[in-house]
Amino acid sequence: MQSRRSFLKLIGLGGLVLTLPPYLNALAQAPPETQSISIRALLGHSPADNVLKLFRAAVDPVRNRVFVSGIMTPHIGILDADSEQWVGTVNSGFDDGNGLKYLYYDAANDWLFVFNSTNRTLRTIAVADDRITGETLLENVGVGQLIPHGERGELYSVVGADDGFRIYDSQTLALIHSDSSMGNTLTSLALNPDGQTLYLLDAISPRIIHYDLNTRSAAQTILLDLRRPRHFEYDSVRNRFYVAVPPRFIAVVNADGRITNQLPIPSDGQLQTSAYNPATDSIITLQTERPTEGRVEGIGGILRAYDANTLQQTNELRFGRKVHSIALNPQTGALYLPNGDASVVWRINAQYEEATAIRLGDSIEQVLLAQGGRYLFMNSRLGGNYLMRYDVTNGQLTTFLAGTWPIPIRLNDSGTLLYVLNFWDSTITLFDSATLAELGTYGFGLPPGSTDRLPDFVLDDANQRALIGYPEFAQIVVWDTNIHGTTTTIAVEGLEAGTNDGGPGNLHVQAAPDGGLFAYIAKTHTLLRYDSAYRPTGAGERVPPITRNMPDLLYLDAALGRLFVGPHEFDISANAFSRRTLASGTRIFYHDEAIYWANGIEGNQHFVVRLNRQTLAEELRYDLGQVGQATPSYTYDPASRLLYVGYMTQARVDVISVNA
């Protein structure tokens, strides 16, 4: 979006062509039957250090650096704010699953504090040598905040615990002091520049406590005539506080606790956070657009700046998706905002006139082969909204752009056309797979998506249509591939709209040979069938248990009249499940005249198997190791007899020879 007083600049990847250097090719070799394609290496990044699903940022004002954490990966990215280049990472050590990693930084000692609220563990990392120096478990954690004091070597916390205020040794995280006298509903902290006084906000019994760090006691308490303040900022020049009371206003409170003014919060967005920027003497509010048209979440970011003296608005920027937090550099006035699901950090200059997206991570969501196996197409959804084409013959990688959150991607039967479903735009972009010429972008009548309830999308060349399932709206769109327009939209009975069954894989769609379609609802384990007029043919079939909800669970073998729902075979003519089933946790991704290829998960290990198409007997199996943070994606090239396995968070494709 572009407002009257702002413009956006994107550091993107459009038209980039890269070739893996020979020395990196040598390093990428895996076991004899496997080779690896490292997308990170092809793009000039470290293959091992990736940061995805960005969550929080912290600023080093002395060295002008920005640290950025992701939910799905353990490494913390480091941005050189002068060059706006990523210069490395530090390892948080949290590699045991998804984690909400809050960041705090001590510039005096070059220590980074990482609090993983998912497992309630706090760590200190010495940035200079990438070493964890301290760790502690924070029990009974509620809403709270941490703040370091570099000169004292102390870390202060309010985390909603019974001993509501705690002081730790910054380096070792040994507990130095705890204080339960102020209660357990403290939610926010601010440090006076004199380094002697800490201010604590009690949100439930509204008050600001002046805490003397020398005596380790409350020196003064200011009662607030406010209801449920969320957080506050301290203005040391005017000796006053800016207290956020969402959704209505920010209160200006003087040193005596008197409310001297109020800054109304505009009603066009939901307040995420607010901040005081001493470098520009301005109050900042960050909001996200309110959901409309049936959307579940507001996703567009709105940043407004106000003169701290007059409270008059001076600037407005609209940018990004799912931005929830601000990290500011008090020396330069620049702001840094992680974009939750696009692996970019937005840098907003001190004049609040420009939002620049700086991309950090890379991901691989799908792998597809086109043009007789020459080209491998991939999409990077969590890694920054771009697409890739890898030329198998010469090792060149070309990146290009479509829309926001490109998932899923599909090829027509001949492999000549690439269809990209831009989930957060509710559009389809069409490319020529040989030339990468963009042939058009088309809407299909649904509002933009706003959750991570990812859609499903299948091309049915025989009937010249695409079927698009949007679980957020509980609807299936039938889209004509000739006229590039919607012919009908189906409301899916039994599927709740919104976010009630959370996450990807809620709704799967597949074509039926008679011109109808199938839909699988994961939450209710129900297979629905629609006739060629898109009318439901019954209440649905109960699906036997499926141990893992993977992408593309529905696989059609039209010639043999079979539909597989994960591992379970459904006889289309009999309109019933047969008694045949594959191994638990398995789904088919390829077939030819004689075989099926399927992938599966057993415990935390994943594998691929070749099956006899008639008998479903297993003919060959490869165990591929731990599955990692996301189910890998798979495709097969029958001409070269190569399996391609894409790993999302590693941005890596393994190529396995199956000549055996």
Side-chain angles (χ1 to χ4, degrees), residues 6 8-11 44-46 49-51 54-70 75-92 101-114 124-131 146-151 153 155 170 190-191 193 195 233-234 236-237 273 275-284 286 301 303 305 315 317 319-320 323 325-339 343-361 384:
S6 66
L8 307 184
K9 182 175 68 178
L10 178 64
I11 298 176
H45 307 310
S46 168
D49 301 343
N50 201 17
V51 184
L54 304 189
F55 184 65
R56 286 294 186 269
V59 172
D60 173 5
V62 174
R63 302 161 190 85
N64 205 18
R65 300 181 300 184
V66 184
F67 301 93
V68 183
S69 67
H75 290 86
I76 310 298
I78 305 174
L79 172 71
D80 182 311
D82 291 317
S83 65
E84 294 191 341
Q85 299 295 315
W86 297 104
V87 294
T89 59
V90 292
N91 191 352
S92 72
K101 304 177 191 70
Y102 293 83
L103 300 182
Y104 307 90
Y105 181 70
D106 175 357
N109 298 291
D110 198 18
W111 289 334
L112 180 68
F113 305 95
V114 185
T124 300
I125 301 175
V127 175
D129 53 2
D130 194 6
R131 179 172 54 91
L146 305 171
I147 190 168
H149 194 317
E151 288 72 21
L155 181 69
S170 292
L191 183 64
E233 296 279 329
Y234 177 60
S236 62
V237 174
T273 191
Y276 171 65
N277 191 343
T280 57
D281 196 26
S282 47
I283 301 170
I284 309 300
L286 175 64
L303 185 133
N315 298 82
L317 278 172
F319 63 98
V323 284
S325 64
I326 296 173
L328 69 89
N329 187 331
Q331 304 300 321
T332 66
L335 309 178
Y336 298 90
L337 298 85
N339 198 132
S343 204
V344 298
V345 174
W346 291 94
R347 192 229 353 123
I348 296 177
N349 64 353
Q351 293 73 40
Y352 311 114
E353 294 174 342
E354 178 184 353
T356 302
I358 308 170
R359 195 175 61 80
L360 176 55

Compare every heavy atom of P148 with every heavy atom of D106, then report the nearest pair and how far apart it is. CB-CB, 4.0 Å

Do V68 and L79 touch side chain to side chain, with heavy atoms closer than 4.5 Å? no

Is there a donor-acceptor contact under 3.5 Å from the side chain of T124 to the main chain of S170? yes

Please round to the nearest 0.5 Å and tell me the distance separating atom CH2 of W346 and atom OG1 of T356. 8.0 Å

Nearest-0.5 Å distance that lies between atom CD in E354 and atom CG in N349: 5.5 Å

Note: A57 and V66 closest approach over all heavy atoms is CB-CG1, 4.2 Å

Do L335 and L303 come within less than 4.5 Å of each other through their side chains, counting heavy atoms only? yes

Distance col, row I76:CD1 vs F55:CZ, nearest 0.5 angstrom, shows 11.0 Å

For residues F113 and Y102, establish whether the separation of their ring centroids is below 6.0 Å. no

Taking side chain to side chain contact (heavy atoms under 4.5 Å, CB included) as the test, write out the residues that go with D80, two or more places apart. D82, S83, V87

Partners of P61 by side chain to side chain contact (heavy atoms under 4.5 Å, CB included), sequence neighbours excluded? V59, A107, N329, P330, Q331

Run the side chain to side chain contact (heavy atoms under 4.5 Å, CB included) test against T280 and tell me which residues pass, sequence neighbours left out. N277, S282, A350, Y352

Value for CD1 (I78) from CD (Q85), rounded to nearest 0.5 Å, stands at 14.0 Å

So how far is it from I348 CD1 to F319 CZ, rounded to the nearest 0.5 Å? 3.5 Å

Would you give the length of the straight line joining atom CG of L191 to atom CD1 of I147, rounded to the nearest 0.5 angstrom? 5.0 Å

Residues which pass side-chain hydrogen bond (donor to acceptor under 3.5 Å, both in side chains) with N91, listed by chain and number, not counting sequence neighbours: none

Give a yes or no on whether the backbone of D49 and the side-chain of T89 come within a donor-acceptor separation of less than 3.5 Å. no

For N315 and Q351, which heavy atoms make the closest approach, and how far apart are they? ND2-O, 3.1 Å

Specify the closest pair of heavy atoms between R56 and L103, including all atoms of both residues, with the distance to one decimal. O-CD1, 3.7 Å

Where the side chain of S343 meets the backbone of R359, is there a donor-acceptor pair that is under 3.5 Å apart? no

Partners of D110 by salt bridge (Lys or Arg N to Asp or Glu O under 4.0 Å), sequence neighbours excluded? R65

D281: partners by salt bridge (Lys or Arg N to Asp or Glu O under 4.0 Å), with sequence neighbours left out: R238

Return the minimal non-hydrogen interatomic distance between S92 and K101, and the atom names on each side. OG-CE, 4.0 Å

Where do G77 and W86 come nearest, in terms of heavy atoms and distance? C-CZ3, 4.0 Å

